[in-house]
2 protein chains.
Amino acid sequence: MEADTPRIEEYLESIYKLQQEQHPVSTSRLAEHLKLSAPSVSEMVKKLASKRLVNHTEKGVCLTDEGNKMAKIVVRRHRLSERLLTDILGYKWDEVHDEACRLEHAISPQMEDRIALSLGNPKTCPHGHPIPDKNGVLLKEKVRPLSELKAKQKAIIVNVFEEDPKMLQYLASLGLIPDVSVLVEEVAPFGGPLIVCVSGSRYALGREVASKIKVK
Amino acid sequence: MEADTPRIEEYLESIYKLQQEQHPVSTSRLAEHLKLSAPSVSEMVKKLASKRLVNHTEKGVCLTDEGNKMAKIVVRRHRLSERLLTDILGYKWDEVHDEACRLEHAISPQMEDRIALSLGNPKTCPHGHPIPDKNGVLLKEKVRPLSELKAKQKAIIVNVFEEDPKMLQYLASLGLIPDVSVLVEEVAPFGGPLIVCVSGSRYALGREVASKIKVK
DNA sequence: ACAATCAATTAGGTATACCTAATAAAAAAA
DNA sequence: TTTTTTTATTAGGTATACCTAATTGATTGT
Ligand SMILES: [Mn+2]
Ligand SMILES: [Mn+2]
Ligand SMILES: [Mn+2]
Ligand SMILES: [Mn+2]
C-alpha cells in the first residue's frame with residue numbers, strides 16, 4: 001500500500017464526478033475532463049487499477065469500494081474548501097472551483113475536521129452538492145433537471161451541476177441558486193426555452209442551461 | 001521564464017529563513033533544513049541559480065532580488081495561513097507550521113488578499129514573525145534573544161524562533177508567547193539557566209530555550 | 001606537512017507524470 | 001460488407017525532483 005499523490009486524488013475525483021452521468025467512465029471522457037492526453041490517462045488508469053482503486057473493464061473505468069472511499073474524502077475536502085472560501089473568505093460561488101481544486105490536496109484530516117466544525121458542519125457546498133460526512137455517508141436528494149418540468153410546475157433548486165464561472169455568474173445574476181423556488185411558466189416547443197419565474201422576475205432559459213439546474 | 005513549482009517555493013522559503021541566521025547559506029545547512037540529501041540540494045541550487053533566483057558563490061547561496069521577492073510571497077502566504085488556522089479554525093500555535101507549509105503552495109494571489117482582508121490585515125503570524133505586505137515590505141523590529149538579558153531586566157516577547165511543536169507547547173504552557181512581558185530575575189553563571197518571571201509565575205529557563213525567544 | 005574530517009559536487013540511477021506518433025480494436029456510416 | 005471514424009493502447013521520449021556511491025576540494029588537528 002503506497003502513498004496517494006495529489007494526482008491520484010485528482011483522477012479519483014474526476015472519475016467520481018463523471019460516474020454520476022455515465023456509469024463506467026470512458027478513458028476519453030476522463031482525459032477530456034482532466035484536460036490530459038488519452039495515453040496519459042490510459043497509463044494512469046492502469047496504475048489506479050494496480051492499486052485496486054478502480055476496475056478497468058471493456059466498458060470503462062469504475063471506482064472500487066476503496067477508490068470510492070478515497071474519492072469521497074477528496075470530494076468532502078473540495079466542498080468544505082468551497083464553503084470556507086464563500087462563507088469565511090467572502091468568495092462568490094463562481095470563483096471557488098479552481099481554488100478548491102488546489103486546496104483539497106493540501107488539507108489534512110485534522111484541517112478537514114476543523115473546517116467542518118468552524119462552519120457548523122455544512123451539509124452542502126455553495127452549489128448545493130452534498131458534503132460527504134467523515135464516514136463517507138452522503139445524503140443525496142432525489143432531483144431532476146429543471147428542463148424536465150412541465151408548464152405551471154413549481155420546484156425548489158437543489159443544486160447546479162456546472163462549474164464554469166461565466167455560467168455560474170449568469171445563474172446567480174438571475175437568482176438561480178440553491179434553495180430558491182422556481183415556477184415554470186411555459187415551455188416552448190421543439191426544444192425551445194423555458195420561461196421561468198424566480199423571485200418575482202421572469203426569464204427565458206435555454207434547455208441546455210435548464211438541464212444543469214437540478215430541482216426537487 | 002518558466003513556471004515556479006512548489007519545490008522551488010520551498011527552497012526559496014528555506015533559504016530566506018536560514019539567511020536570517022547565517023548570511024550566505026551553505027548547501028549542507030539547506031539540505032539539513034529541507035531534510036534532503038546534499039546532492040539533491042546541490043542540483044536544485046544549480047537550477048535556482050540558472051533561473052536567477054539565487055547567487056551561488058564559494059561562500060554559499062544567497063537570494064537575488066528576484067528570489068527574495070518570491071521568497072517573501074511564500075513567507076506571506078505561510079504566515080497568513082498560520083493566522084487563518086489559529087484565528088479562524090481554532091488551531092493552537094504548535095499545530096500550524098506543517099499545515100501552513102503545505103497550504104502556502106495552494107494559495108493564489110486572490111486567496112492571499114482575501115485571507116488578509118478577512119483577518120484584518122494581521123501584522124504577524126502566531127509566533128510573532130512579521131507578515132510581509134503585498135509589496136514585500138516587512139517591518140522587522142529590532143530584537144535580541146531573551147538569553148542576552150541581564151538580571152533585573154524586563155522586556156516584551158516579540159517572537160519565538162522555533163517551530164518544533166513540543167517546544168512551542170512548552171513555551172505556551174509557561175505563557176511565553178508574543179506580547180507578553182518578562183522579567184529576568186536572575187541569570188545563573190557558566191551558561192546556566194535564567195530565572196524569569198512571567199505573568200506572576202517564576203520559571204527556570206535553559207539558555208538554549210531562552211535564545212529562541214526574541215524580545216524588545 | 002600530512003592525515004583526518006567535513007563540504008560540495010559529479011556520476012549514475014529511480015519514480016512520477018506528462019507528451020506525441022503509431023497502431024490496434026471497436027463502432028458507426030456508407 | 002467495406003470503409004471511415006472514434007476510442008484505447010503501445011512505444012518511445014521528456015522534465016522534475018529525488019536518491020546512493022564515489023570523487024574532489026577545503027579546513028583543521030597534530
Ligand atoms: Mn484538485
Ligand atoms: Mn461545489
Ligand atoms: Mn511549504
Ligand atoms: Mn509562524
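First the proteins, then the strands, lettered A, B, ... as listed; each starts at 1.
Listed by chain and residue number, nothing satisfies the side chain to side chain donor-acceptor pair (under 3.5 Å) test with A:Ser118 (two or more places apart in sequence, or in another chain). The side chain to side chain donor-acceptor pair (under 3.5 Å) check on A:Arg77 picks up A:Glu112, with sequence neighbours excluded. Every side chain to side chain donor-acceptor pair (under 3.5 Å) that A:Ser14 has, sequence neighbours left out, goes to A:His33. Every residue was checked against the side chain to side chain donor-acceptor pair (under 3.5 Å) condition with B:His129, not counting sequence neighbours, and none meets it. B:His127 pairs by the ring-ring contact (aromatic ring centres under 6.0 Å, His included) definition with B:Trp93, not counting sequence neighbours.
The stretch residues 31-42 of chain B touches DNA chain C through B:Ala38, B:Pro39, B:Ser42, each having a heavy atom within less than 4.0 Å of the strand.
Residue A:Gln169 qualifies as enclosed at atom CD: its count of foreign heavy atoms under 6.0 Å is above 12. Heavy atoms from other residues, nucleotides or ligands lying under 6.0 Å from NZ of B:Lys69 number 12 at most.
Under the ring-ring contact (aromatic ring centres under 6.0 Å, His included) criterion, no residue pair touches residues 38-77 of chain A, with sequence neighbours excluded. Among pairs with a residue in residues 67-89 of chain B, those fulfilling ring-ring contact (aromatic ring centres under 6.0 Å, His included) read B:His78-B:His97, at least two apart in sequence or across chains.
Phosphate contact (OP1/OP2 of D:dT9, side-chain N/O of A:Thr27, threshold under 4.0 Å): present. Between A:Lys46 and D:dT10 there is a side-chain polar atom (N or O) within less than 4.0 angstrom of OP1 or OP2. When the side-chain nitrogen and oxygen atoms of B:Thr5 are compared with OP1 and OP2 of D:dT16, none of them lie within a distance under 4.0 Å. A:Arg7 has no side-chain polar atom (N or O) that falls below the 4.0 Å cut-off from OP1 or OP2 of C:dT16.
To the nearest angstrom, P of C:dA7 lies 12 Å from CZ of B:Arg29. A straight line from CE of A:Met44 to P of D:dT9 spans 15 Å, rounded to a whole angstrom. In this entry the distance linking CD of B:Glu9 with P of D:dA17 reads 11 Å, nearest Å. What separates CD of A:Glu43 from C1' of D:dG12 is a distance of 11 Å, to the nearest Å. When rounded to the nearest whole Å, the span between NZ of B:Lys47 and P of D:dA17 equals 5 Å. Distance B:Lys59 NZ to D:dT27 C1': 13 Å, rounded to the nearest Å. Rounded to a whole Å, the CG atom of A:Leu48 is 12 Å from the P atom of C:dT16. One atom, NE2 of B:His56, and another, P of C:dT10, lie 10 Å apart when rounded to the nearest Å.
Closest to the side chain of A:Tyr11, out of C:dC18, C:dT9, D:dA8, is C:dC18.
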What's touching nucleotides 23-25 of chain D from the protein side, N or O pairs under 3.5 Å?
none

